[in-house]
Amino acid sequence: MKQAPAVLFEILRGAWITARHFTVNMVFHTLRLFRIRTRRAGAVTIQYPEVKKPIPPRHRSLHRLMKRSGTDRPRCVACMLCATVCPSECIVVEAAEDPDPDVQKVPSRFIIDLSRCCFCGFCVEACPEDALRMDTGRIDLAAYDRGDLIYDLERLLR
Amino acid sequence: MIEILILLAKIVGSLVWLLLLTLYLTWAERKVSAVMQDRIGANRASIRGLRLFGLFQPFADAIKMIFKEDFRPSFSRRLLHTLAPFLSFFFVAVTVSVMPFGDRIRIGGRTISLQVLDIDVGLLFVLAMLSLGIYGILLSGWASNNRFALLGGMRGAAQFLSYEVALGLALVGVVMVFPSLRLSEIVSAQGRLLFGFLPKWGVVLQPLGFFVFFIAALAETKRVPFDMPEGESEIIGFFTEYGGLKWGLFMFTDFMEIVIISCLTTTLFFGGWQVPWLGADGFVFPGGGTWALAPWAVTVFQVLAFNVKVAFFCWLQILIRWTYPRFRYDQLMDLGWKVLIPLGLLNIILTAAVLSV
Amino acid sequence: MVSLVINGQRISAAPGTTILEAAREAGIEIPHLCYHPAFPPVGTCRLCAVEIEGLPKLEPACSTNVKEGMVVRTESPRVVEARRNVLELLLAEHAMDCPICDKAGECRLQDTYQAYSLAPGVYAEDKTRRGKKIALGGGLLLDRERCVLCTRCVRFLESVTKTSELGVFERGDRSEIGCVEGRLVDNNYSGCLAEICPVGAITDSDFRFKTRAWFLEARETICPLCGRGCAVFLESHPGFPRVPGTAKAYRVRSRRDERVNGHWICNVGRYGYGYLEKSRCRELAGPLAKTLNLKAATDVVAPLAAELRALKYKGRQTRVAVVLSDWLTNEELFLAGAVFRRDLEIGRCHLVGPRDGSPDGMLLTAERSPNRAGAKALGFNTEETTLEALARDTDLLIVFGPFLQDRFRPADIASAWAGVKTKVLFTPRDEGLGAAFDLVVPTVWPAEKDGSFTNCQGLIRSFSPALAPPPSAVPEWRLLTALGRAVGLNPSFYIPFRSAGDVRRAMP
């Protein structure tokens with residue numbers, strides 16, 4: 001009971017803060033509605049699909065397989081280090097023989113299951129050939145079908 | 001015959017008013033809370049790209065809830081489980097019938113009061129209906145046959161009973177100063193002036209009574225900070241076993257209660273449809289100035305005033321809901337029994353003392 | 001015995017052993033590439049050089065015999081420095097192919113480099129380009145850029161198979177391994193070359209690029225493909241989640257067993273593991289499974305036991321014929337004998353195994369089943385039988401194993417057995433044989449169960465599962481135990497056998 005005045009004061013102060021935010025933001029909203037430029041907006045919200053935050057340069061997004069310079073073939077030599085290091089076991093690589101004796105080993109199957117991927121980027125770190133990168137900037141990876149989240153060699157090379 | 005038609009029109013009109021206001025209160029709650037928190041709030045619902053600040057959101061919500069599966073747990077009691085949301089909806093919705101929206105108006109020699117039912121126990125009727133609202137909560141908790149729902153229902157019932165007492169005590173003072181239970185008379189009585197300039201509103205005569213009433217009324221709406229019965233964010237409550245439209249009905253009832261509490265606050269403490277210094281012929285300012293108005297304009301002013309006041313109290317309740325954290329249950333009970341009820345009793349004694357002097 | 005000190009540890013070794021072997025006995029590993037316990041040492045790689053007190057130079061541990069009072073240091077700064085220099089020179093010409101090299105992860109050179117050097121290359125010059133994919137025959141491919149000229153392969157072909165298809169040609173830094181003019185590696189042990197190559201210079205096309213060594217789990221088992229029963233490691237991949245078919249066996253490696261196979265296994269055993277997957281029987285099948293509403297393999301036991309009991313009580317056990325196979329373990333054959341011959345008194349218990357092949361004079365025997373000796377010892381009739389003999393006056397025919405097809409054509413089986421009322425097949429493999437049977441029960445291969453085999457030398461050796469069977473397949477010994485219990489004619493089955501070891505203890 002002794003604290004009652006202090007509590008009452010705090011209650012009023014809380015109400016004052018919300019009311020102040022409401023009023024100030026409403027003023028900015030109204031001004032903006034009438035196309036009057038203001039120093040700041042009434043909300044900090046970023047309207048995502050229309051407005052996108054710039055992606056930082058060291059981000060990790062959808063993987064891509066690099067191509068051997070001048071060709072359409074993957075730079076990957078199917079060493080399976082990405083599959084080895086992957087903590088969520090979402091990478092499957094199967095190798096095949098390449099007729100070129102300098103290449104020898106190429107992936108015949110390269111699957112990244114994005115429904116398991118945790119985007120840690122270990123695969124990129126492990127790659128000895130710099131064949132795998134996560135710099136496509138694609139972060140809107142939702143799909144209507146789980147199968148669409150399984151990226152194979154062709155989609156990763158694109 | 002024409003009386004019946006008028007009555008029907010009034011019933012339909014007041015219900016449409018209540019439902020529309022409630023519908024948009026859900027939108028307003030989202031937008032207002034967003035603005036308070038530097039957000040934007042629901043603005044995506046659109047018809048052919050027309051967004052209108054998300055004004056179609058309530059309809060989108062309604063359509064979504066209608067198309068959800070009407071799920072009833074196999075272990076619940078079929079009849080009571082289905083009945084409960086309708087009960088709680090009904091008891092809140094009927095209270096709008098005694099709310100005075102404006103003064104009596106004359107059309108074609110007929111005097112029509114802007115009130116569906118001008119009964120002489122209007123205030124008691126409202127209290128009774130709000131009390132019956134407990135049944136919706138208790139029944140839903142009981143019929144869900146889920147121990148958590150039952151506990152939520154019992155918490156709700158205990159909270160309602162506790163604050164019902166404070167609510168009643170706070171209103172005794174109002175009834176003492178405006179000696180009537182008829183809401184239209186209470187509103188008319190608030191049209192007079194105190195000391196020649198101050199509107200004789202309930203809040204002026206009964207500041208302590210208003211304080212106790214408003215807190216108790218907030219508790220009756222069972223929203224934050226009094227949302228012990230449900231507490232959807234953490235504790236499980238009485239409508240856990242509901243989904244789709246029935247759950248929507250409970251939520252809708254919650255918002256309707258806000259409107260009803262705002263109506264009641266306006267009517268009892270803030271002069272109802274009264275505009276300060278506005279008489280039947282226009283404004284008569286205490287400084288001596290006058291502004292003559294046609295009777296229709298006066299009516300428009302009065303109805304507008306009522307709506308603005310109701311809107312303000314709706315906003316205030318949203319503000320409170322988005323400002324304070326939830327009470328602990330013992331604190332809730334402390335507040336009800338150890339603070340509000342003594343204050344209510346004190347208010348009665350003070351009122352009686354002032355009146356008898 | 002000679003006593004000497006290695007790294008301050010006093011050990012004793014038989015006279016004539018080398019320092020490397022003596023150290024190995026004592027648990028001290030000296031890095032080496034060219035040394036192999038099966039061949040006389042040549043000392044080409046110089047990695048095993050150790051410091052011996054009183055000698056001015058470092059001596060190769062692989063080719064220096066122990067002497068009384070010797071004081072050897074294998075990890076002294078001088079030795080480590082020498083090792084680092086040797087590695088530097090070896091790697092100066094070694095292709096940095098590790099990402100695509102099949103040996104990576106089990107490569108002696110890689111391991112030694114990681115343990116002792118980890119130094120970057122110091123040569124600015126390009127490495128010499130050599131042949132990267134030279135077919136040696138027998139599915140072997142030679143990569144001369146990776147070769148460290150340890151000559152293990154040459155010595156293997158000289159001393160083990162005595163065919164000498166490979167040799168070292170040219171001199172000095174142009175030295176290279178190659179086939180002797182006009183010949184290719186062609187013997188039944190060529191697969192061992194890829195296994196003994198300390199680097200990835202010789203790879204076999206069977207394993208080439210299939211997976212990486214570090215994915216594989218090596219488990220001990222016994223090769224069931226001939227009567228020798230060589231000790232092997234079966235290496236399998238645990239599989240990737242949500243990608244079916246990735247969990248499977250990838251390779252068979254030899255396991256040292258001086259009594260049976262020494263260090264080697266033949267190509268039949270090494271490359272023959274395909275039988276594990278081929279037309280695998282994974283689910284309970286056959287018309288009877290549907291009519292009796294059987295779901296799991298073990299559900300078969302109850303109706304089968306009821307049928308057998310009924311025939312036995314009517315004294316008509318002569319109308320039952322049982323075909324067993326010599327791929328069954330001793331425990332299973334014992335159980336089968338106990339249930340069918342002793343308890344049910346069924347006279348017609350025949351043994352049908354795969355057809356004999358030709359022996360190679362070393363390890364591979366003529367019989368291509370692992371337990372013919374065990375079956376003989378348990379008193380089973382291993383003589384050939386005919387389909388007609390099995391079908392004559394038979395109401396119930398129980399067949400274990402998938403080997404009928406090796407002896408008879410499926411069409412003949414179907415027509416000869418058309419008159420038999422009920423035919424039940426217990427098999428891990430279904431190669432069109434299932435159509436002739438009323439009920440096909442999935443069982444497991446020897447690599448997937450525990451038990452013991454008696455090999456052609458009469459050695460009884462037990463083994464445990466090296467591979468996970470398909471989920472619905474059940475080992476035969478489990479089915480036979482359950483059957484014996486359900487038939488209920490012998491109290492020894494009242495206490496169920498929980499493992500093949502339990503059965504072994506119950507055996508005479």
Side-chain angles (χ1 to χ4, degrees), chain A residues 65-66 68 73-118 122-132 143 145-153, chain C residues 95-107 110 114 120-121 126-136 139-147 200-217 235 237-248 250-251:
Chain A
L65 279 174
M66 308 295 293
R68 225 166 253 287
R73 292 177 310 152
R75 202 188 276 178
C76 172
V77 295
C79 69
M80 305 183 201
L81 285 177
C82 47
T84 306
V85 80
C86 182
S88 43
E89 299 186 314
C90 70
I91 306 182
V92 176
V93 187
E94 272 170 25
E97 196 94 28
D98 192 276
D100 183 352
D102 284 336
V103 180
Q104 293 213 35
K105 203 176 175 188
V106 287
S108 60
R109 194 171 172 218
F110 194 106
I111 292 173
I112 296 183
D113 185 350
L114 286 191
S115 59
R116 291 182 71 94
C117 179
C118 63
F122 283 6
C123 47
V124 178
E125 296 289 323
C127 187
E129 300 282 326
D130 189 22
L132 190 64
D145 192 320
R146 285 178 195 192
D148 293 345
L149 285 173
I150 296 172
Y151 280 66
D152 58 7
L153 196 58
Chain C
M96 288 303 148
D97 269 352
C98 301
I100 58 163
C101 177
D102 283 319
K103 208 74 173 187
E106 53 181 13
C107 170
Q110 209 180 29
Q114 296 220 339
D126 285 341
K127 294 181 179 184
T128 317
R129 301 303 310 268
R130 300 170 202 265
K132 283 207 67 78
K133 205 167 154 185
I134 295 155
L136 294 179
L140 298 177
L141 291 166
L142 172 66
D143 186 331
R144 283 182 178 148
E145 289 186 359
R146 293 181 195 156
C147 179
I202 297 181
T203 49
D204 59 7
S205 49
D206 179 72
F207 181 65
R208 189 171 161 94
F209 297 170
K210 289 288 185 304
T211 185
R212 304 310 300 266
W214 53 81
F215 285 127
L216 298 177
E217 290 167 5
E235 300 198 321
H237 195 303
F240 291 103
R242 294 178 50 183
V243 184
T246 48
K248 59 174 183 183
Y250 272 93
R251 182 164 72 166

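The chains referred to below are lettered A, B, ... by the order of the sequence lines, with proteins before strands, and numbering in each begins at 1. Everything quoted here is computed from the prediction, not taken from an experiment.
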Of all of A/Leu81, A/Val93, A/Thr84, which one pairs up most often with chain C through heavy atoms under 4.5 Å apart? A/Thr84
What part of A/Ala96 lies closer than 4.5 angstrom to a heavy atom of chain C: side chain, backbone, both or neither? backbone
Report the C-alpha distance between A/Asp98 and C/Lys133 in whole Å, list the side-chain angles of each, state the deciding distance to 0.1 Å, and finish with yes or no for salt bridge (charged side-chain N to carboxylate O under 4.0 Å, His left out). CA-CA 11 Å; A/Asp98 192 276; C/Lys133 205 167 154 185; over 6 Å; no
Quick one: do A/Asp102 and C/Arg129 make a salt bridge, cutoff under 4.0 Å? yes
Taking the side chain as every heavy atom from C-beta outward, state whether A/Arg109 and C/Val243 have any atom pair closer than 4.5 Å. yes
Does anything in residues 200-207 of chain C reach chain A? List residues with heavy atoms under 4.5 Å apart, or say none. none
Taking everything shown except C/Lys248 itself, do over 12 heavy atoms lie less than 6.0 Å from its NZ? no
With a 4.5 Å cut-off on side-chain heavy atoms, are C/Phe209 and A/Glu94 touching? no
Residues A/Lys105 and C/Pro99: closest non-hydrogen pair is NZ-O, 4.2 Å
Under 4.5 Å from a heavy atom of chain C, the part of A/Val106 involved: neither
Indicate the atoms forming the closest heavy-atom contact of C/Phe240 with A/Ile91, along with that distance. CE2-O, 3.4 Å
Shortest non-hydrogen pair, C/Ile100 vs A/Val77, comes out as CG2-CB, 3.3 Å
Crowding at CZ, A/Phe122 (>12 non-hydrogen neighbours, <6.0 Å): no
Euclidean distance, A/Gln104 CD relative to C/Lys132 NZ, rounded to 0.5 Å: 5.0 Å
Please classify the contact between C/Phe215 and chain A as side chain, backbone, both or neither, with a heavy-atom cut-off of under 4.5 Å. side chain
